[in-house]
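Shown next, in structure tokens, is the structure this report addresses.
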Amino acid sequence: MKTFSILCFMIIAAAGITAAQPVTDKRTMPHPAIEEKLFGKLRDGREVFSFTLTNASGTRATIINFGAAVVSLYVPDRNGKLADVVLGYDSLDGYVNSTTYFGVIVGRYGNRIAKGTFELEGNTYHLAHNDGENSLHGGVKGFGKVLWDAQPIEDSNNPALKLTYVSKDGEEGYPGTVTLSVTYTLTAQNELRIEYTGTTDEPTILNPTHHSYFNLTSDPTKTILDHELMIDADAITPVDAALIPTGKFLDVTNTPFDFRKLTKIGLRINANNEQLKFGRGYDHNFVLNHYNKSVRKVAEVYDASSGRVLEVFTDQPGIQFYSGNFLNGTVKGKNGVFYQHRTGLCLEAQCFPDSPNKPQWLPSVTLRPGETYRQTTSYKFSTK
Ligand code: GLA
């Protein structure tokens, strides 16, 4: 009897709900939205999730909480057709074994530290030598191969995902326990905004960046050499053969590094130029103009074939333009495509490489207890 009345109640309640609710039609699903899915399992059993942020116009970014990696980014071409414009892997294994940093947040120190060594407040610290004798992108695992806590933030216009990672004192050789939060927001203006905040309990250094490889054609079998690029920079920080900055600035005037007006990347990439030889192409930090700690437009990429435009905004003093020179057809990416030479480009907002060993370079990358590290960088998509 009791069971029967509970059942009756459930049927009536269910009928009530059905009557009160409009029929849900997938095509009229409310946007913006965040969809969470299991992406894979790490060897130790921990689960990795993907979060797809979709805005009102259907533009969508999928981010996983392993490495805080952007694994796909669907943006419209000039005909409104959505397609994926970032390189990546089909499965978690790809990200676990990656040597390319596809889509991840790198840190604690994005880019290189000479000989993996720096001094801070009278102590000398030794980091892993994972790039010849230098340290690159935070070390062996860095922030790109660890599991972050993820917190979706539903917002009526701008779906977002906040990822937090606590890097213990001594991790990868860096001092102090650092808590870094990175919030990805997909705005109604088709902008993927990345906001970082970091704190520490002991003096340390912090210079994280984002490492998506963009190919605006959405066809990763094509190179990025026909993409046109603008970088608002009058100088680069030239490097030695191991890509460590010399400590000087090089004026871009009359060099293949003058991107102050939109210029095809392929136009001068094979020029007889020592810096291009050292980089095997472009792999250089540009000294961005108008640095005053506020966000300003610093770069633009245009692909005439699709009409896609990518504008980069940041509050950082530098940006690493990397033309995918280490891709050589051996990395198997999404849909089984082996990524060939220069089929993706990175624009990594940062403080200058090797700043801990270049005291003349400001701003300081030192973070002390009580201070908060902040960075805002946006990748904004449109068409023309
Ligand atoms: C950065 C570096 C490059 C390369 C890539 C990853 O852009 O500057 O030299 O290490 O990351 O392959």
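Residues: numbered from 1 along the sequence shown. First listed ligand is number 1; within each ligand, the first listed atom is number 1. No experiment lies behind these values; they were computed from the predicted model shown.
Taking the six-membered ring where the residue is Trp, Y165 and W148 present tilted rings, their angle falling between 30° and 60°.
When the heavy atoms of H284, H137, Q320 are ranked by distance to atom 1 (C) of ligand 1, first place goes to H137.
Of all atoms in ligand 1, numbered sequentially from 1 with element shown, those under 4.0 Å from a heavy atom of R112 are 2 (C), 3 (C), 8 (O), 9 (O), 10 (O). Within ligand 1, counting atoms from 1 as listed, the ones closer than 4.0 Å to a heavy atom of E348 are 1 (C), 7 (O).
At least one heavy atom of Y213 sits closer than 4.0 Å to an atom of ligand 1.
Judged purely by distance below 3.5 Å, without hydrogens or angles, the side chains of T185 and T187 never pair a donor atom with an acceptor atom. S306 and T217 form no side-chain donor-acceptor contact under 3.5 Å, judged by distance and modelled atom types alone. Between the side chains of N111 and E348, no donor-acceptor pair of N or O atoms lies under 3.5 Å.
Contacts between D131 and ligand 1 below 4.0 angstrom, taking non-hydrogen atoms only, are absent altogether. Under 4.0 Å from ligand 1, not a single heavy atom of F102 appears.
Applying the side chain to side chain donor-acceptor pair (under 3.5 Å) test to D44 and every residue at least two apart in sequence or in another chain returns R46. In this structure, N335 has no side chain to side chain donor-acceptor pair (under 3.5 Å) partners at least two apart in sequence or on a different chain.
Scanning the protein for heavy atoms near atom 9 (O) of ligand 1, the closest one is D283 OD2, 2.3 Å. Among all protein heavy atoms, the one lying closest to atom 10 (O) of ligand 1 is L136 CD2, 3.3 Å.
F102 and Y95 have their aromatic ring centers separated by at least 6.0 angstrom.
Of the N or O atoms in Y101, none lie within a sub-3.5 Å distance of an N or O in ligand 1.
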